[in-house]
Amino acid sequence: MSQFLEPLWAGLATLGFSLLFDLRGRDLPLAALGAALGWAVSAPLAAASGSQAVGFFAASCVIGIWAELLATLLKRPASVYIVCAIIPLVPGGGMYMTMLEYVRGNTMEAFRVGLATIQAAGAIAAGLAVSSAVSRLLSLRSLARRLSPHRARGAKGQGGRK
Amino acid sequence: MAGSGHDVTMTPSLDTADPEEVLLLAADAARLVLESGGETYRAEETAAAFASALGGAEAECFATPTGLVLSFTGMDGRVRSIVRRISKRAMNLERIVRIDELVRRLGSGSADFAAAAESLDQIERLPPRHLALSLLGAAATTGFFTLLFGGAWNDALVSALVGILVSRIGPRLARKTLPDFFINLVAGAAATLLCLLALRLGFSTNSNATVIGVIMILVPGVAVTNAIRDIVAGDLVAGVARGADAFMAAAAISVGAGGAHQLWRLVTGGAA
């Protein structure tokens with residue numbers, strides 16, 4: 001049951017955060033759906049591989065591709081969706097636990113949690129970088145542009161998108 | 001010819017736009033991107049896109065989370081530059097979306113200097129979301145994160161209520177121009193104390209899930225990830241600065257939360 005509920009909670013938490021980030025209109029449910037997709041990929045993979053970083057890497061790949069597709073179809077910056085959809089994955093809780101263990105004097109535990117936190121953030125950043133590169137290689141953008149109802153023109157200032 | 005038609009539409013903006021004004025506008029656009037939580041490369045590309053679309057021969061921008069430098073060579077061959085400091089940073093995706101739209105319009109030549117200046121002014125003065133929506137956002141975030149971290153329904157309800165209260169602490173204290181470190185410290189302490197109180201009164205059962213659910217709206221998880229993305233992309237200075245910012249925020253929240261735990265133990269004599 002939890003494998004269906006957890007993505008739902010992740011999506012709804014993202015929906016809340018997107019409101020705080022001032023995302024508007026149809027982008028709200030789309031970002032939440034991205035987060036739910038990411039969580040649905042991450043949790044089983046992390047359990048199967050025994051490594052949270054593997055799950056996070058795969059999830060951020062999925063979120064990155066989803067965001068790049070939406071960005072081209074709706075003519076929005078991809079990072080608008082990325083920033084919201086990675087929220088359930090980002091190691092905010094890890095940052096907090098690291099510092100809390102340190103404040104409590106548990107230095108070794110703080111190191112352990114801290115390294116895991118940096119690993120998680122690194123896995124997400126790597127996943128996003130890979131999905132951005134892959135979507136450019138597969139010219140996902142030109143594919144989506146052909147599907148697009150309004151023909152997008154090659155927007156300026158996007159060459160360096162990461 | 002399509003090319004000549006393009007030239008005709010572009011000419012007025014080149015004639016009327018004063019290079020100094022273009023420089024100011026481009027710097028303001030980049031500043032707005034950074035203040036709204038946009039990435040470093042987005043700020044730099046926005047400034048360059050404004051400058052080149054409105055009649056610059058060459059534009060180069062160097063941005064960090066705390067400030068930017070923009071240097072701009074006009075059609076007259078003279079080099080101008082400007083420095084902008086950035087002190088407040090809050091995620092605002094609506095602004096990012098609208099600035100991106102404006103950059104696209106400038107790139108396609110469908111906006112001239114006057115239109116761009118007016119749009120940018122509108123974006124800057126964009127009214128904030130209705131308070132009820134922010135409160136709903138805070139409640140949904142904290143409540144559903146508590147469920148995601150294994151809390152029960154009553155825990156989620158508690159953390160949603162605490163989340164609403166805690167989400168108002170930041171804006172309230174920021175109005176008195178207190179440093180971010182202090183605001184995060186107070187918010188972390190308040191979140192922990194309120195959750196421990198709810199546990200003591202029997203409203204919630206899983207204190208860990210409740211506290212972490214609330215803490216999620218305070219901690220800079222996106223900032224940590226963006227810091228690493230900046231570094232991966234080669235924006236080394238900006239990435240390290242963002243990382244330091246996130247680290248200090250997490251430290252302040254944890255010191256607040258740790259202090260609150262100690263205080264609670266003193267007051268209740270070691271229970272819970």
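Just so we're clear, the structure is a prediction, and the values are computed from it rather than from any experiment. Numbers restart at 1 for each chain; the letters A, B, ... are given by sequence-line order, proteins then strands.
Within a 6.0 Å radius of CZ in B:Phe247, other residues, nucleotides and ligands contribute 12 heavy atoms or fewer. Residue A:Glu101 qualifies as enclosed at atom CD: its count of foreign heavy atoms under 6.0 Å is above 12.
A salt bridge links B:Glu101 to A:Arg76: one of the charged nitrogens lies within less than 4.0 Å of a carboxylate oxygen.
Looking at A:Arg24, the atoms closer than 4.5 Å to chain B (heavy atoms on both sides) sit in the backbone and in the side chain alike. In this structure, the portion of B:Glu39 lying under 4.5 Å from any heavy atom of chain A is its side chain and not its backbone. Heavy atoms closer than 4.5 Å to chain A are found in both the backbone and the side chain of B:Leu148. B:Glu44 does not touch chain A: none of its heavy atoms, backbone or side chain, sits under 4.5 Å away. Contacts of B:Phe149 with chain A are absent, with no heavy-atom separation under 4.5 Å from either backbone or side chain. Heavy atoms closer than 4.5 Å to chain B are found in the side chain of A:Ile86, but not in its backbone. In this structure, the portion of B:Ile212 lying under 4.5 Å from any heavy atom of chain A is its side chain and not its backbone.
Contact of the A:Cys84 side chain with the B:Leu93 side chain is registered, since non-hydrogen atoms from C-beta on lie closer than 4.5 Å. Put simply, the side chain of B:Arg129 reaches to within 4.5 Å of the side chain of A:Leu19, judged on heavy atoms. Between A:Val83 and B:Met91 there is a side-chain heavy-atom pair separated by less than 4.5 Å. Side-chain contact between A:Ile87 and B:Val222: present, with at least one pair of heavy atoms (C-beta onward) separated by less than 4.5 Å. Put simply, the side chain of B:Phe144 does not reach to within 4.5 Å of the side chain of A:Phe17, judged on heavy atoms. A 4.5 Å side-chain heavy-atom check between B:Val211 and A:Tyr96 finds at least one atom pair inside the cut-off.
Separating the CG atom in A:Leu128 from the OG1 atom in B:Thr225 is a distance of 8.0 Å, to the nearest 0.5 Å. Distance CG/A:Leu20 to OG1/B:Thr141: 5.0 Å, rounded to 0.5 Å. B:Arg229 CZ to A:Ser79 OG: the interatomic distance, rounded to the nearest 0.5 Å, is 6.5 Å. Separation of atoms CG (A:Leu12) and CZ (B:Phe145) is listed at 11.0 Å; rounding is to 0.5 Å.
Contact count against chain B (heavy-atom pairs under 4.5 Å) is highest for A:Leu23 among A:Asp27, A:Leu23, A:Ile124. When the candidates B:Val224, B:Val97, B:Thr46, B:Leu126 are compared by the number of heavy-atom contacts under 4.5 Å with chain A, B:Val97 comes out ahead. Most heavy-atom pairs under 4.5 Å with chain A: of the set B:Ala251, B:Ala249, B:Pro128, this distinction falls to B:Ala251.
Between A:Gly16 and B:Ala140, the closest heavy-atom pair is CA-CB, 3.9 Å.
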